[in-house]
Amino acid sequence: MVFLIALFALALTAPVVAPFAPTTQNVNNTLAEPSLQHLLGTDDLGRDVFSRLIHGAPTTLYASFLAVCVACVLGIPVGLLAGFLGGWVDDAISRVIDTLLSFPAIVLAIGVTGALGIGLTNGMISVGIVFSPQLARLVRAQTLVVKQELYVDAARCFGASLWRIILRHIMPNAIQPVIVQITLLLAVALLAEASLSFLGLGVQPPQPSWGAMLARAYNYMEIAPEQMYAPGLAIMFTALAFNTLGEALRVALDPTAKRR
Amino acid sequence: MILLRHGRMIRRRAFQIVPVIILATFVVFGLLQLVPGDIAVTLAGENATDARIQQIRQSYGLDRPFLVQYGTWLWNAVHLDLSRSYLSNEPVLGQILHRFPTSLLIVGGALSLSLLIGIPLGVLAATKSGSKLDTAVTSFASLGVALPNFWLAMILVATFALSWNWFPATGSVALAKDPAKALLHAALPAIALAAGGVAEVARQLRSALIEILSSQYVRTLHAKGLSPMAILWKHGLKNVSVTLLTVIGLLVNRLLGATVVVEAVFAIPGMGSLIVHAAIHKDFPVVQGVVLSMVVIVISLNLLIDLLYTLLDPRVGLK
């Protein structure tokens, strides 16, 4: 949690905190070893790796949140509708969800990015589209449970409209596991961004992102292998932090949950 | 005997996946509809004349209605014709079949490693729940899930291939040509992929086994005087086998995706480099072909797993 807050603070203040601009090149000082001036050394164009790492934070976080937002916007309403309406609507939606979940996520995301056009925003929209069935399935299952509750029947007896029942009664009561899932998805989205950027389908140069930094480090692995450690560790610890937060939320929100 | 008894169910399940596969083909073909603007213009490239665009539109059948295009594509796909690459003009299916064994070797290796290491770890952690060993396994599993596998692949290359020269850093060799060399080439990518798999298997197995070992009937078995080992082997592991099957299904899905990225690190000419290259250069038939073949593999595997469920757990068949 502390790590995540620090990371957000860093992301917001990146231009102030970072000692150099992420795109300042110095061709006389390329692939330098870490020093006092350049804490993590410089990359193949003489750019300060430490500064690029800090400037990569907002890009990477923006990407994760964008993907998860897209997944929520698509997945939650569909799941609510399927769970609440039931019948053939539910059958049809569930079939589509099952089918979409059969696609290996990264492969489908690459396919969608290829179609939409390469770039960070398109890449993350693709990742969001690919993750939306996971949320839809969870929301559907939750809705099915909450729908049975007496207060939903009561609201219906009072003549509440369909949307009012869904928004006022079902959503708030079904949302807890969804929040946990969203937190866990942030970690998956982060890894997906790193993968897509590494493959050259996400962030385009010269914008810094941790995945893109790894891609550059990969090209100079034989001469400067130390370039790849910092971005990789940053990705891993951020993903770990999201996962830990998700687990903690799960335990906190559900009093019956045992720690597993 | 088993086949006879379950024949009807097998047929029913096999029949059930037909709509799923058709839906999947629809999704795969629908990818083309996501291309912003006119595909023919995109394909023709910059500064193309109107006549050239029109020619492309006609030769790829892009001027026909969507459903007709989809129908033709599906009809051809059923007859194992996934059309030709826009770039190389080679048949897509040929390219896929040529590269598939390489990816399969890596995914198969990673799956075996995940199970061989993950199962013992999960069982150990569950039986020694709360011990230091359990904490170590759980922490390792959390790290393994958060670890970007292509980054691990890079570290492996830098250490074992570039510094120590134990393994080749790039490329692949066909299994049929030289099995030893093929395995040597596939070893590092498989290890890189397996890290997440080991973590996943250990984690899921641990929580499933802990749940079973704390259940009422296991308590009864203890009371009956059965040894802890006998309970674990005869009752615990038999009951987690269903969980294990589910995990394998999800794992193959994940590994097929992850191999795409890891192959890039090792410059392996597998399915991964095929789809990435095609996606960057807008070679849509190849993208569609790779996505389709992967989803068909996953769906078939899920069918197989569904059938195995019924063999392992008689309760499933009743539903």
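Below, chains carry the letters A, B, ... as their sequence lines are ordered, and counting in each starts from 1.
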Against chain A, label [X] side chain, backbone, both or neither, depending on which of its atoms sit under 4.5 Å from a heavy atom there.
X: B/V27; result: side chain
X: B/V287; result: side chain
X: B/V296; result: neither

Give, as side chain, backbone, both or neither, the part of [X] having an atom under 4.5 angstrom from any heavy atom of chain B.
X: A/L201; value: side chain
X: A/A194; value: both
X: A/N243; value: side chain
X: A/V96; value: both

Looking at [atom1] of [X] and [atom2] of [Y], how far apart are the two atoms once the value is rounded to the nearest 0.5 Å?
X: B/L23; Y: A/L100; atom1: CG; atom2: CG; answer: 8.0 Å
X: A/L191; Y: B/W151; atom1: CG; atom2: CH2; answer: 11.5 Å
X: B/I22; Y: A/R95; atom1: CD1; atom2: CZ; answer: 11.5 Å
X: B/L147; Y: A/L233; atom1: CG; atom2: CG; answer: 9.5 Å
X: B/L250; Y: A/L101; atom1: CG; atom2: CG; answer: 9.0 Å

Which atom pair, heavy atoms only, marks the closest approach of [X] to [Y]?
X: B/N253; Y: A/A105; answer: OD1-N, 4.1 Å
X: B/V261; Y: A/S195; answer: CG2-CB, 3.9 Å
X: B/G257; Y: A/I106; answer: O-CG2, 3.9 Å
X: B/P148; Y: A/I235; answer: CG-CG2, 3.5 Å
X: B/V291; Y: A/V107; answer: CG2-CG1, 3.9 Å
X: A/F198; Y: B/A264; answer: CE2-CB, 4.3 Å

- Message: Could you check whether any side-chain heavy atom of B/S142 comes within less than 4.5 Å of a side-chain heavy atom of A/L240, counting everything from C-beta outward?
- Response: yes
- Task: For each of B/V28, B/I297, B/I210, B/L143, tally heavy-atom pairs with chain A at distances under 4.5 Å, and name the one with the top tally.
- Result: B/L143
List the atom pairs, donor and acceptor, that lie under 3.5 Å between side-chain atoms in residues 271-278 of chain B and the rest of the protein, sequence neighbours left out.
residue	atom	partner	partner atom	Å
B/S273	OG	B/R99	NH1	3.0
B/S273	OG	B/I268	O	3.3
B/S273	OG	B/G270	N	3.4
B/S273	OG	B/G270	O	3.1
B/H277	NE2	B/H281	ND1	3.4

- Query: Given A/F103 and B/V298, is the side chain to side chain contact (heavy atoms under 4.5 Å, CB included) satisfied, shown in steps?
  - Reply: CA-CA 7 Å; A/F103 287 91; B/V298 174; over 6 Å; no
